[in-house]
Amino acid sequence: MTSTDVRKDAEDSGPSGYAAARLRLLTEGARSGPPRRAALAELTDDWLSGLFGAGSDGLKGASLIAVGGYGRGELSPRSDLDLLLLHDGGDTDAVAALADRIWYPVWDLGLALDHSVRTPAEARKTAAEDLKVQLGLLDARHIAGDLGLTAGLRTAVLADWRNQAPKRLPELQELCAERAERQGELQYLLEPDLKEARGGLRDATALRAVAASWLADAPREGLDDARRRLLDVRDALHLATGRATDRLSLQEQDQVAGELGLLDADTLLRQVYEAARVVSYASDVTWREVGRVLRSRAVRPRLRAMLGGGKPVAERSPLAEGVVEQDGEVVLARAARPERDPVLPLRAAAAAAEAGLPLSLHAVRRMAATTRPLPTPWPAEAREQLVTLLGSGRPTVEVWEALEAEGLITRMLPDWERVRCRPQRNAVHIWTVDRHLIETAVRASDFARRVSRPDLLLVSALLHDIGKGWPGDHSVAGEIIARDVAARIGFDREDVAVLATLVRHHLLLVETATRRDLEDPATVRAVAEAVGTQSTLELLHALTEADALATGPAAWSSWRGSLVADLVRRVSAVLAGDAPEEPEAAAPTAEQERLAIEAVATGSPVLSLRAQTEPPTEDQPSGDPEPLGVELLIAVPDQKGVLPAVAGVLAMHRLTVRTAELRALDLPDGVEGSVLLLDWRVAAEYGSLPQAARLRADLVRALDGSLDIAGRLAERDAAYPRRRGVVAPPPRVTVAPAASRLATVIEVRAHDAPGLLHRIGRALEDAGVRVRSAHVSTLGANAVDAFYVTGQDGAPLPTGEAGAVARKLEETLRA
């Protein structure tokens with residue numbers, strides 16, 4: 001059916017002709033989507049133009065205007081007709097009669113009509129008072145009558161909008177936020193409102209209004225296609241239900257999918273979610289830019305007055321290697337080279353999440369366009385940055401979405417594609433599969449203090465439902481995928497096995513606790529056999545709770561929690577029946593022994609810095625090795641204050657401690673003295689490494705008391721304003737019961753920060769205990785440290801004294 005045929009049916013300008021043409025257009029199978037919407041708008045224009053011409057005999061100074069969705073030519077089968085009858089204020093009686101001759105035929109057909117009759121001055125006054133009216137007029141389109149009158153109103157409305165943008169755009173943003181609060185997020189709802197939910201058609205229209213203000217513009221890539229897909233779904237919904245509805249109900253999704261030629265309702269929802277995600281992300285970026293521009297306009301006059309004119313230079317504050325903060329966003333440093341730094345996207349994302357700041361759209365797009373793929377397996381830094389990103393709490397969500405919007409997530413983790421935007425048809429779940437996985441990581445970050453390996457907890461949270469993109473039991477499929485992903489991102493064989501176990505059995509505890517008799521020994525033994533070790537049980541317990549909390553309010557309760565805790569206690573008792581023997585101390589290497597002998601001979605600290613690298617891979621044709629960090633070996637004559645002195649000097653030089661060990665070293669026969677050996681892996685926060693000679697000189701001064709480390713660190717912290725960032729969980733200090741026969745083991749779990757290890761060392765020195773050995777591990781943003789301490793007599797601390805030391809240390813870290 002051609003446009004000529006349709007218009008021929010409507011030539012009489014009467015309701016019956018238009019109705020017949022409209023019915024033919026909507027029921028023919030050859031036309032759908034934008035062509036059908038445009039044809040329906042054109043058909044309606046012709047009919048209304050005929051009504052206007054027949055009723056305006058001799059009337060001058062009037063025009064009929066389409067506004068809103070009709071003005072944009074986006075007529076769905078049951079859309080309202082938004083019309084404005086504009087007039088110059090002359091013959092008001094004739095205008096009223098003309099209005100009746102247009103409105104009544106529309107009502108007679110049963111079409112919804114939103115109408116008004118106004119002069120240009122009245123239209124502008126109403127728009128100034130009602131933001132929704134002004135938004136509708138931004139899409140005003142001439143249908144019939146005085147074209148000059150319409151053009152004049154359009155010009156005036158656009159000028160008003162641009163002049164008032166600094167005031168009206170914040171109002172529009174507030175309207176969008178209130179609507180999102182009421183309607184929820186389209187990309188996660190099982191029965192979404194295609195128009196009103198966040199990421200829906202109203203938000204897409206709001207982005208057009210922002211662009212019309214000339215103040216900011218939305219990211220254009222994919223936005224028009226997302227809007228088209230949402231409109232196509234609404235068209236199909238109108239045809240399937242015969243109603244003017246925007247709510248995509250469960251019982252109608254199969255029919256709507258069929259109308260669109262899609263496989264099933266899940267495919268339909270996934271397309272809706274993908275489109276909504278594009279609109280939501282574009283909204284986030286656009287409103288952020290609006291805020292930046294408005295703040296800049298507010299500050300600029302004062303700066304110009306202070307600086308005597310000229311354009312102020314935005315302050316750039318370093319966050320990590322190649323990453324800086326500017327104007328409240330995380331951007332790439334001027335010297336950053338994404339094409340030569342495959343870890344940069346993860347480093348930038350981790351820095352952004354840690355600081356609680358958004359990633360700049362330009363930075364993400366530049367990295368997506370130029371960064372080469374990570375080698376397999378990933379270098380250690382990439383794995384650590386992923387863990388830091390996952391462990392940063394709520395800010396992780398926005399940063400992850402920014403990476404995903406530009407395809408960086410599926411490039412790094414190809415298996416993510418199968419769960420991306422995948423709906424979960426379960427009333428308990430409130431998120432899509434991919435968002436649920438990120439939510440689980442967010443929840444798991446709150447439990448990082450409960451486990452000895454928070455990195456394994458966070459990665460298992462990210463992967464525990466990864467098998468839902470495959471047929472069959474998602475836990476079984478997920479175990480296979482998790483093994484592959486964990487090996488690819490660089491975990492060793494033992495850690496890969498633990499992650500696979502966690503994914504395979506992530507439902508084991510809650511299902512057993514709520515569905516089995518815990519008094520039956522066979523039940524507990526079966527769980528113990530599946531879990532295998534105490535450390536895995538600890539991780540599985542935390543993962544179980546994080547998973548349930550991230551599922552929805554119905555998935556977790558105090559009752560369920562108590563049942564799971566009871567099961568964990570019983571399984572732990574079974575696993576404790578085979579206690580491992582204490583490991584023997586490792587023999588020193590030739591390098592360590594050489595440094596120790598030199599330290600004894602000189603009576604002062606001796607150190608060695610040696611870069612650690614991974615060999616080139618097939619993904620590195622240049623042959624440049626990937627940096628792992630720098631191994632720092634220090635031998636120092638046994639004395640008080642070694643741990644806080646070394647940690648403080650490294651913090652002063654902006655060196656991040658990745659791993660650290662401190663132990664007393666047995667010297668060769670014939671060598672008198674006692675030496676402490678520190679074997680640490682460090683990395684520069686940004687910039688180059690300091691010279692070994694400078695480190696040694698500062699360490700000598702720190703040990704003899706002439707260097708005020710605490711004061712220097714305090715001065716540096718005071719020089720930099722505190723950034724808005726994620727609120728880390730409070731530190732936790734515990735005494736590990738029966739962990740060693742020779743010493744008391746104090747465990748510290750805390751958010752990693754410059755100077756943390758220095759503060760711990762000082763607190764332990766102030767408590768009057770001796771650090772026999774220390775085992776420090778920084779896993780992402782979490783420090784997990786174990787200190788083997790004794791009294792001055794070399795014996796383990798009494799129970800009461802050990803508890804007091806732990807409490808005092810925790811109070812110090814919380815201060």
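Looking at Asp130, its side chain never comes within 3.5 Å of a backbone N or O of Thr126 through a donor-acceptor pair. Not one N or O on the side chain of His87 forms a donor-acceptor pair closer than 3.5 Å with the backbone of Val95. For Tyr18 (side chain) and Leu43 (main-chain N/O), no donor-acceptor pair under 3.5 Å exists by modelled atom type. One N or O on the side chain of Gln253 and one on the backbone of Leu190 form a donor-acceptor pair closer than 3.5 Å. Judged by distance alone, the side chain of Asp146 and the main-chain N or O of Ala62 form no donor-acceptor pair under 3.5 Å. With hydrogens and angles disregarded, no donor-acceptor distance shorter than 3.5 Å links the side chain of Arg422 to the backbone of Val433. A distance-only check finds a donor-acceptor pair linking the side chain of Arg411 to the backbone of Ala368 [under 3.5 Å]. Looking only at distances, a side-chain donor or acceptor of Arg162 sits under 3.5 Å from a matching main-chain atom of Ala212. Looking only at distances, no side-chain donor or acceptor of Ser296 sits under 3.5 Å from a matching main-chain atom of Arg292. Side-chain N or O atoms of Arg22 include one that pairs as donor or acceptor with a backbone N or O of Pro77 at under 3.5 Å.
Using a 4.0 Å cut-off between charged side-chain N and carboxylate O, Arg37 and Asp232 make a salt bridge. Comment: Arg277 does not engage Glu401 in a salt bridge, judged by the lack of any side-chain N to carboxylate O separation of less than 4.0 angstrom.
Between Arg247 and Thr245, the side chains place no donor N or O within less than 3.5 Å of an acceptor N or O (distance only, hydrogens not considered). Side-chain atoms of Ser76 and Arg234 form a donor-acceptor pair, as typed in the model, at a separation below 3.5 Å. Judged by distance alone, the side chains of Ser49 and Asp46 never bring a donor and an acceptor atom under 3.5 Å apart. Between the side chains of Arg198 and Gln183, no donor-acceptor pair of N or O atoms lies under 3.5 Å.
Note that the CG atom of Leu169 and the NZ atom of Lys167 stand 12.5 Å from one another [nearest 0.5 Å]. In this structure, CG on Leu81 lies 6.0 Å from CG on Leu75, to the nearest 0.5 angstrom. Taken to the nearest 0.5 Å, the CZ atom of Arg418 stands 13.5 Å off from the OG1 atom of Thr410. Rounding to the nearest 0.5 angstrom, the gap separating the OG atom in Ser63 from the CG atom in Leu85 is 7.5 Å. In this structure, the separation between CD on Gln255 and CG on Leu268 is 12.0 Å, given to the nearest 0.5 Å. Interatomic distance, CD of Glu42 versus CG of Leu25, reported as 10.0 Å (0.5 Å rounding).
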Verdict with reasoning, Thr432 to Val419, per side chain to side chain contact (heavy atoms under 4.5 Å, CB included): CA-CA 8 Å; Thr432 53; Val419 297; over 6 Å; no
Passes side chain to side chain contact (heavy atoms under 4.5 Å, CB included), Glu404 versus Trp416? Steps please. CA-CA 10 Å; Glu404 194 166 38; Trp416 194 258; 2.6 Å; yes
Would Met367 and Thr370 count as a side chain to side chain contact (heavy atoms under 4.5 Å, CB included) if you check the C-alpha gap in whole Å, the side-chain angles of each, and the deciding distance to 0.1 Å? CA-CA 5 Å; Met367 290 187 294; Thr370 61; 5.5 Å; no
Using the salt bridge (charged side-chain N to carboxylate O under 4.0 Å, His left out) rule, take Arg420 and Asp434 through it: C-alpha gap first, then chi angles, then the decisive distance, then the call. CA-CA 5 Å; Arg420 188 177 60 81; Asp434 56 342; over 6 Å; no
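Counting heavy-atom neighbours within 6.0 Å of Gln251 CD, excluding the residue itself, gives a total above 12. Within 6.0 Å of atom CZ in Arg202, 12 or fewer heavy atoms from other residues, nucleotides or ligands are found, so the atom counts as exposed in its surroundings. At most 12 heavy atoms of other shown residues, nucleotides or ligands fall within 6.0 angstrom of atom CG in Asp57. By the neighbour-count criterion of 12 heavy atoms within 6.0 Å, atom CD of Glu221 is sparsely surrounded, having that number or fewer from other residues, nucleotides or ligands. Under a cut-off of 6.0 angstrom, the local environment of CZ in Arg101 is sparse, with at most 12 non-hydrogen atoms contributed by other residues, nucleotides or ligands.
Trp103 and His115 have tilted rings, their planes meeting at an angle from 30° to 60° on a 0 to 90° scale.
Here the two rings, on Trp161 and Trp214, have centers that are 6.0 Å apart or farther.
Seen from the ring of Trp431, Arg435 counts as a face-on cation partner, given the 6.0 Å and 45° thresholds.
Tested against Tyr70 for a side-chain contact (heavy atoms from CB on, under 4.5 Å), the candidates Asp114, Thr44, Ile65 yield a single pass: Thr44.
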